[in-house]
Each structure stands twice: as C-alpha cells, then as structure tokens.
Asks: 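Dropping a structure here in structure tokens format, bear with me for questions.
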Protein chains: 2
Amino acid sequence: MPTPHYGQPRYRVIADDLRKRIESGAIPPGTLLPAESVLAAEFRASRGTIRQAIAILRETRLVATEHGRGTFVYPDSSSSGRYVGSESGVRKRHVAADPELAALFAVKPGTTLVEEESVTRQNGTVDAVVKVYRLP
Amino acid sequence: MPTPHYGQPRYRVIADDLRKRIESGAIPPGTLLPAESVLAAEFRASRGTIRQAIAILRETRLVATEHGRGTFVYPDSSSSGRYVGSESGVRKRHVAADPELAALFAVKPGTTLVEEESVTRQNGTVDAVVKVYRLP
DNA sequence: AGAAATTTGTCCGTATGTATC
DNA sequence: AGATACATACGGACAAATTTC
C-alpha cells in the first residue's frame with residue numbers, strides 16, 4: 001500500500017479525533033488513553049503515526065505521557081480546552097480557584113480564574129514556568 | 001546490532017552537537033544546515049533520528065525548517081530574560097511537581113520544585129497572582 | 001521478592017508523497 | 001524535467017519504566 005496523505009496527514013486526523021473524544025468527555029480528564037498499540041489497531045495505523053498524533057496533544061498540553069504508565073488526559077481539558085497562543089508558548093485557560101487563590105482574590109473557592117502559563121528556556125532546557133492568575 | 005542508548009539518547013546528543021556548532025558560529029545564522037541525509041551519514045544515524053534532533057532545535061526556536069528547502073539557523077535571538085521584579089512579599093516554598101510541571105521540566109512527577117509566589121495589587125485589591133516554578 | 005506482562009521510549013531501514021531548486 | 005530535500009507512513013527490534021501476578 002502506498003502512503004498517500006491527501007489533504008491532511010493521517011496523524012493530524014487522528015489527533016483531531018482524539019481531541020474530540022477528550023473534549024466531548026468520552027475520555028474523561030484524569031483517565032488514561034488507550035495504549036498506543038491499541039490505538040494503532042483501532043485506527044489501522046502504525047504506532048509511529050499514533051505517537052505523532054499524541055505528540056500534538058502533548059504540545060497543546062491536552063495530555064501528559066509517562067514512561068511505562070501511559071498517556072493521561074489533563075484535568076480541565078473537557079469543556080475549556082482552548083489554545084490561544086499560536087506559537088508564543090503562552091497558554092491561557094480557565095481554572096477553579098483553590099482555597100489559597102480564593103482567599104487572595106477574596107472570592108469563593110471554585111470561582112473561575114484565568115490562568116496564563118508561559119515557559120522560559122535557557123539553551124533549550126526549561127528554566128522556569130510562570131503562571132499568572134487573574135479574575136476573568 | 002542492538003539499540004543501546006545508555007545515558008542520553010542519540011538524538012539528544014546529536015541535537016547538543018548541532019546546537020554547539022550553531023552557538024559557536026560554525027554554522028552561521030541565516031545559513032542552511034546540512035541536509036538530513038548528509039547529517040544522517042555524518043552521525044551514522046538514521047534520518048528519523050536526525051529529524052528528532054532537529055525537532056528539538058526547532059522547539060527551542062534555534063532553527064526553522066522549510067519543506068523542500070532545508071533547515072535554517074535563526075538570525076540570533078539571544079534575547080535576555082525580561083524580569084520585572086515586583087516589589088513586595090515574594091513567598092517561596094517547595095512543592096511537588098504535578099504531571100504537567102514534571103513534563104515541562106522533564107523530571108518525574110513528585111520531584112521537588114521551588115515555587116515563588118508574588119501578588120500584585122491595585123488600590124489594595126489583588127490584581128494578579130504570579131507563581132514561578134523552578135528546579136531547586 | 002521476583003518474574004512476567006504491559007506500555008512508552010529509542011532506533012533502524014525502507015518506501016513513497018510533496019515542495020523547491 | 002530532473003535532482004534535491006523535507007514530510008509522511010510502515011514495520012520491526014530492543015530498551016526502560018511501571019504495573020501486575
């Protein structure tokens with residue numbers, strides 16, 4: 001079989017499919033994605049292609065992968081998985097205020113806050129992660 | 001031949017090597033990197049491994065790749081870190097890395113991180129809470 | 001405690017598609 | 001048109017971390 005990738009490449013199509021499953025709640029936050037080998041069988045794609053798809057979800061911070069464990073869906077990602085910054089490395093999302101933040105902002109715990117996350121690097125390695133919380 | 005990758009994986013070693021060539025000026029800004037096939041021959045690695053290495057440099061914004069053309073060295077971005085030292089009350093403490101922070105810092109979840117928290121106010125009311133995470 | 005199974009990580013070789021020169 | 005270079009995709013093999021038995 002040849003390798004035609006008309007329009008979108010397969011790994012992007014697969015990534016979109018998985019993203020929809022996550023945002024729709026079909027794969028709830030905090031749970032594991034099916035193993036790469038399982039996804040490969042389901043999509044009839046090679047493991048490498050599946051890994052490319054998951055890499056996209058990882059870049060957008062929709063999931064996190066751990067060696068030997070699997071790929072987890074991040075908490076939050078179901079209803080407000082928006083990625084604003086295109087390439088700037090700044091990611092904006094809505095989070096619920098924990099008791100500490102709630103006290104600082106003088107609101108009830110659980111109130112929605114805006115979190116802006118940016119990453120600074122030095123020689124390619126992550127130097128610091130900065131999170132800024134504000135009221136919407 | 002097996003596939004032993006003691007210590008660092010090959011693609012990271014190759015990425016470091018290329019990064020040094022760029023930072024030393026051996027590959028001047030604006031010029032092309034050798035083609036992937038050439039690098040593959042030089043490092044005796046597969047093209048896939050070379051592509052993994054270049055992907056790292058791309059994430060760091062050290063190079064940019066264009067389809068059919070090649071991989072260019074960025075015209076120097078040595079932007080220094082911009083720091084706005086707020087004024088007051090910087091609170092420092094140790095926290096355990098959640099999966100997301102762990103992934104960013106490339107450490108195991110649970111690893112100790114230093115968290116610096118500062119609060120900016122306007123007329124006494126909290127405007128924003130800034131949290132900076134670093135490795136100890 | 002230890003072995004086996006599972007899962008992700010790395011690496012290779014090959015083939016083909018697509019964009020640029 | 002032809003050559004060159006990057007992009008996508010496959011399949012296989014082994015390494016390393018985790019979980020399960």
Side-chain angles (χ1 to χ4, degrees), chain A residues 1-18 27 30-59 61-74, chain B residues 1-18 27 30-59 62-74 96-100 102-111:
Chain A
M1 182 144 23
T3 315
H5 44 276
Y6 303 114
Q8 286 222 321
R10 294 204 59 197
Y11 70 88
R12 227 180 280 273
V13 175
I14 293 172
D16 280 348
D17 189 305
L18 292 175
I27 307 180
T31 65
L32 277 173
L33 255 63
E36 292 171 356
S37 54
V38 175
L39 292 174
E42 180 187 331
F43 287 101
R44 314 248 177 136
S46 73
R47 222 188 110 205
T49 300
I50 298 296
R51 285 177 62 77
Q52 271 185 288
I54 292 179
I56 291 183
L57 305 181
R58 206 161 30 223
E59 280 172 19
R61 306 272 191 279
L62 205 63
V63 301
T65 303
E66 292 178 37
H67 192 166
R69 306 242 301 152
T71 297
F72 295 88
V73 178
Y74 269 137
Chain B
M1 195 69 146
T3 313
H5 43 279
Y6 302 114
Q8 287 221 322
R10 294 204 58 197
Y11 70 87
R12 227 178 274 273
V13 175
I14 294 172
D16 280 347
D17 189 304
L18 292 176
I27 307 180
T31 65
L32 277 173
L33 255 62
E36 293 171 353
S37 54
V38 174
L39 292 174
E42 181 188 331
F43 287 102
R44 315 252 178 127
S46 74
R47 227 191 103 204
T49 301
I50 298 296
R51 284 176 62 78
Q52 272 184 289
I54 292 180
I56 291 184
L57 305 181
R58 206 162 30 222
E59 280 173 20
L62 206 62
V63 300
T65 302
E66 292 177 38
H67 193 163
R69 305 241 311 145
T71 298
F72 294 88
V73 178
Y74 260 133
D98 62 22
E100 182 189 337
L104 285 168
F105 283 105
V107 299
K108 291 180 185 173
T111 301

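In this text, all values refer to a predicted model and were calculated from it rather than measured experimentally. So you know, we letter chains A, B, ... as the sequences are listed, proteins then strands, and number each from 1.
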Asks: Say you draw a straight line from CD1 of I56(B) to CG of D16(B); how long is it, rounded to the nearest 0.5 Å?
Replies: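 Between I56(B) CD1 and D16(B) CG, I get 7.5 Å after rounding to 0.5 Å.
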Asks: S46(A) has a side chain; which of dC10(D), dT8(D), dG9(C) sits nearest to it?
Replies: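 Selected nucleotide: dC10(D).
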Asks: Rounded off to whole Å, could you give me the CD1-to-P distance for the I56(B) and dG9(C) pair?
Replies: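 Those two atoms, CD1 and P, are 14 Å apart.
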Asks: Taking only residues two or more places apart in sequence, or in another chain, which ones meet T65(B) in a side-chain contact (heavy atoms from CB on, under 4.5 Å)?
Replies: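 If we apply the side-chain contact (heavy atoms from CB on, under 4.5 Å) test to T65(B), skipping adjacent residues, the hits are I54(B), R58(B), T71(B).
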Asks: First locate atom CZ of R10(B), then atom CD of Q52(B), and finally report the distance between them rounded to the nearest 0.5 Å.
Replies: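 Rounded to the nearest 0.5 Å, the CZ-CD separation comes to 11.5 Å.
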Asks: What are the atom names and distances for every N/O pair under 3.5 Å that joins the protein to nucleotides 2-5 of chain D?
Replies:
none

Asks: How long is the line joining CD of Q52(B) and P of dT10(C), in whole Å?
Replies: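 Taking CD of Q52(B) and P of dT10(C), I get 7 Å after rounding.
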Asks: Under 4.0 Å: is that the gap between some side-chain N or O of T49(B) and OP1 or OP2 of dC12(C)?
Replies: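 So the side-chain polar atoms of T49(B) do come within 4.0 Å of the phosphate oxygens OP1 or OP2 of dC12(C), strictly under.
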Asks: Could you state the CZ-C1' distance from R51(A) to dT10(C), rounded to the nearest angstrom?
Replies: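 Nearest whole value for this atom pair: 8 Å.
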Asks: I want to check one thing: is the phosphate of dA9(D), taken as OP1 and OP2, less than 4.0 Å away from some side-chain N or O of Y11(A)?
Replies: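 No, outside the criterion.
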Asks: Could one point to a donor on the side chain of R47(A) or the base of dG9(C) with an acceptor on the other under 3.5 Å away?
Replies: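 Looking at the base of dG9(C), it does pair with a donor or acceptor on the side chain of R47(A) (distance under 3.5 Å).
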Asks: Give the rounded distance in Å between these two atoms: CZ of R10(A) and P of dT16(C).
Replies: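 My rounded result for the distance is 17 Å.
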Asks: Just the rounded figure in Å: distance from C1' of dT8(D) to CZ of R12(A).
Replies: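 Atom-to-atom, R12(A) to dT8(D), this comes out as 11 Å.
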Asks: Find the distance L32(B):CG to dT20(C):P and express it as a whole number of Å.
Replies: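 From L32(B) CG to dT20(C) P: 14 Å.
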Asks: Restricting to salt bridge (Lys or Arg N to Asp or Glu O under 4.0 Å), what partner residues turn up for R69(A), sequence neighbours left out?
Replies: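 Partners of R69(A) under the salt bridge (Lys or Arg N to Asp or Glu O under 4.0 Å) test: E66(A).
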Asks: Would you kindly give the CZ-to-P distance between R58(B) and dC6(D), to the nearest whole Å?
Replies: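 It is 10 Å, rounded to the nearest whole Å.
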Asks: Calculate the interatomic distance between I50(A) atom CD1 and dG9(C) atom C1'; express it in whole Å.
Replies: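 Value for this atom pair: 16 Å.
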Asks: Can you confirm whether D17(A) sits close enough to F43(A) that some side-chain heavy atom of one is under 4.5 Å from a side-chain heavy atom of the other?
Replies: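 Yes, their side chains come closer than 4.5 Å.
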Asks: Can you give me the closest heavy-atom contact between A53(B) and I14(B), atom names plus distance?
Replies: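 Looking at all heavy atoms of both residues, the closest pair is CB-CG2, 3.8 Å.
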Asks: Please tabulate, for side-chain N and O atoms in residues 30-42 of chain B, each donor-acceptor pair with protein atoms closer than 3.5 Å (sequence neighbours left out).
Replies:
| from | atom 1 | to | atom 2 | distance (Å) |
| --- | --- | --- | --- | --- |
| T31(B) | OG1 | P28(B) | O | 2.6 |
| E36(B) | OE1 | R47(B) | NE | 2.7 |
| E36(B) | OE1 | R47(B) | NH2 | 2.8 |
| E36(B) | OE2 | R51(B) | NH1 | 3.0 |
| E42(B) | OE2 | R21(B) | NH1 | 3.4 |
| E42(B) | OE2 | R21(B) | NH2 | 2.5 |

